[in-house]
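Notes to accompany the following structure.
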Amino acid sequence: MNFEDYKGVLVFIEQRDNIIENVSLELLGKGKDIANELGEDLIAVLLGSDNEDLAKKVSMYGANRVVYVDNKNLDIYTTEPYAQALTEIIKKENPDVVLIGATSIGRDLAPRVSARLKTGLTADCTKLEVSEDRQLMMTRPAFGGNIMATIACPDNRPQMSTVRPGVMKRPLKDEENLSLIQKVDIKFNESKFKVKVLEVTKETKEKINIEDADVLVSGGRGIGHKDAFIKLEELAGVLKGTVSSSRAVVDAGWLDHDRQVGQTGKTVRPNVYFALGISGAIQHMAGMEESECIIAINKDASAPIFDIADIGIVGDVHKIVPHLIDEIENA
Ligand code: FAD
């Protein structure tokens with residue numbers, strides 16, 4: 001294997017109903033940095049159907065080239081056609097690096113593709129860096145989040161990684177960016193597909209996307225009980241924010257799992273993160289420590305959350321939050 005033959009950083013663009021998943025845009029931002037460091041091109045790969053307009057939209061986020069497949073078999077995600085299409089494109093492009101979002105789709109797709117390419121995959125990364133000898137250093141939490149492991153792929157190419165949503169910064173849209181847009185045809189043998197989607201039933205429950213919120217008001221076990229979250233909703237309301245939580249709250253059944261921040265929940269980086277009655281366990285901090293401004297309220301002055309807080313208030317959350325709401329409303 002001659003590593004010189006592998007060039008480019010390839011980002012898989014995940015879409016659902018022809019709406020791009022945020023993590024794919026975040027990866028275009030990080031992918032551009034890596035491509036610049038390696039002196040290589042950034043290639044975005046979009047799979048789906050009726051997606052010519054979407055390919056143009058993708059081109060506004062910094063890729064040198066957008067390669068897309070428009071095929072009815074790729075309308076809704078299923079493993080086989082997606083794994084086949086992405087593997088074929090990677091074999092043709094021979095990229096140095098392949099980045100995929102660590103979403104439910106990415107976690108299903110990436111290992112299949114890496115196995116077909118006979119290369120390694122570092123799953124669930126939270127940090128990507130290029131070393132002095134041009135290797136991709138991929139960092140991820142390991143042993144229950146107690147250590148951060150940095151993994152390289154020195155003997156194979158491409159170097160593949162899935163990356164957690166919300167960890168990397170999303171690039172700004174640039175309508176002037178001129179990517180080369182290339183349509184590629186893939187031949188599928190439908191008779192060999194083992195899975196067929198017969199019907200799609202969408203969840204009627206309102207979708208909470210804490211990853212997109214500018215302000216998160218996050219509550220922990222210290223909030224005490226489910227009903228006390230009404231005050232946190234009120235605070236989030238005056239700040240045009242969203243309520244999120246620690247795992248202890250989800251485990252207690254006070255909020256749904258889609259609100260959970262942390263290693264086994266979502267990774268978020270809002271402008272403001274309120275940590276209310278949250279101790280600051282390593283698994284929680286792994287999901288929110290990149291927030292621009294962290295405001296912690298805890299009655300225990302030695303709580304670890306204060307180590308990473310920009311503003312820390314030692315006191316009872318039930319007394320401080322109503323004052324905060326009043327002050328903001330009267331400001
Ligand atoms: P606690 O640790 O019990 O902290 C409650 C805090 O509230 C205390 O600091 C206390 O001083 C304070 N408090 C109490 N009353 C008040 C009051 N009236 N006013 C102000 N402060 C008050 N956790 C996550 O959050 N997200 C994850 O994704 C996650 N994944 C995990 C994965 C693994 C493999 C493991 C082993 C654990 C994981 N955890 C996760 C759990 C994590 O270790 C902690 O148990 C959890 O984060 C604790 O939640 P907490 O801070 O709400 O509760």
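Along the sequence shown, residues carry numbers from 1. Order of appearance sets the numbers: ligands from 1, and atoms from 1 within every ligand.
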Query - contact_flag V249 ligand 1 heavy-atom lt 4.0 Å - result: no
**Report entry** ligand 1 contacted by G287 (non-hydrogen, < 4.0 Å)
**Finding:** no
Is it the case that the side chains of [Y] and [X] hold a donor-acceptor pair, with the cut-off being a distance below 3.5 Å and no angle test?
| X | Y | value |
| --- | --- | --- |
| D75 | S49 | yes |
| Q84 | E88 | yes |
| T150 | T139 | yes |
| R112 | T79 | no |

Query raised in the report: For the atom pair CG (L28) and CG (D33), what is the distance rounded to the nearest 0.5 Å?
Result: 11.0 Å
Report summary line: Between the CD1 atom in I151 and the CG atom in L121, the distance rounded to the nearest 0.5 Å is 9.5 Å
Query raised in the report: Hey, is E40 close enough to R134 for a salt bridge, meaning N to O under 4.0 Å?
Result: yes
Query - Check ion pair R107-D124 (N to O, under 4.0 angstrom) - result: yes
When you measure from [atom] to each heavy atom in [options], which option holds the nearest one?
| atom | options | answer |
| --- | --- | --- |
| atom 11 (O) of ligand 1 | I313, N298, T267 | N298 |
| atom 23 (N) of ligand 1 | K319, R247, H257, K266 | R247 |
| atom 27 (C) of ligand 1 | Q260, M288, R221, H284 | Q260 |
| atom 36 (C) of ligand 1 | M285, K299, Q283 | Q283 |

Using a 4.0 Å cutoff against the non-hydrogen atoms of [X], which atoms of ligand 1 qualify?
| X | answer |
| --- | --- |
| G315 | 19 (N), 20 (C) |
| Q263 | 27 (C), 28 (O) |
| T264 | 27 (C), 28 (O), 29 (C), 30 (N), 31 (C), 32 (C) |
| D300 | 11 (O) |
| G262 | 26 (N), 27 (C), 28 (O) |
| G220 | 52 (O) |
| G265 | 28 (O) |
| H318 | 18 (N) |

Report task. Side-chain contact test, heavy atoms from C-beta onward, threshold under 4.5 Å: evaluate it for P154 versus Q135 and give yes or no. Result -> yes
Requested in this report: Could you tell me whether the side chain of V9 reaches within less than 4.5 Å of the side chain of K32, counting heavy atoms only?
Outcome: no
Between ligand 1 and [X], is the shortest N or O to N or O distance under 3.5 Å?
| X | result |
| --- | --- |
| I297 | no |
| S245 | no |
| V261 | yes |
| V317 | yes |

Report task. Answer yes or no: is there a donor N or O on one side and an acceptor on the other, between the side chain of E211 and the main chain of T267, under 3.5 Å? Result -> no
Requested in this report: Determine whether the side chain, the backbone, both or neither of A281 has a heavy atom under 4.0 Å from any heavy atom of ligand 1.
Outcome: side chain
Report task. Determine the interplanar angle of the H318 and H225 rings, folded into 0 to 90°, and report it as parallel if under 30°, tilted if 30 to 60°, perpendicular if over 60°. Result -> parallel
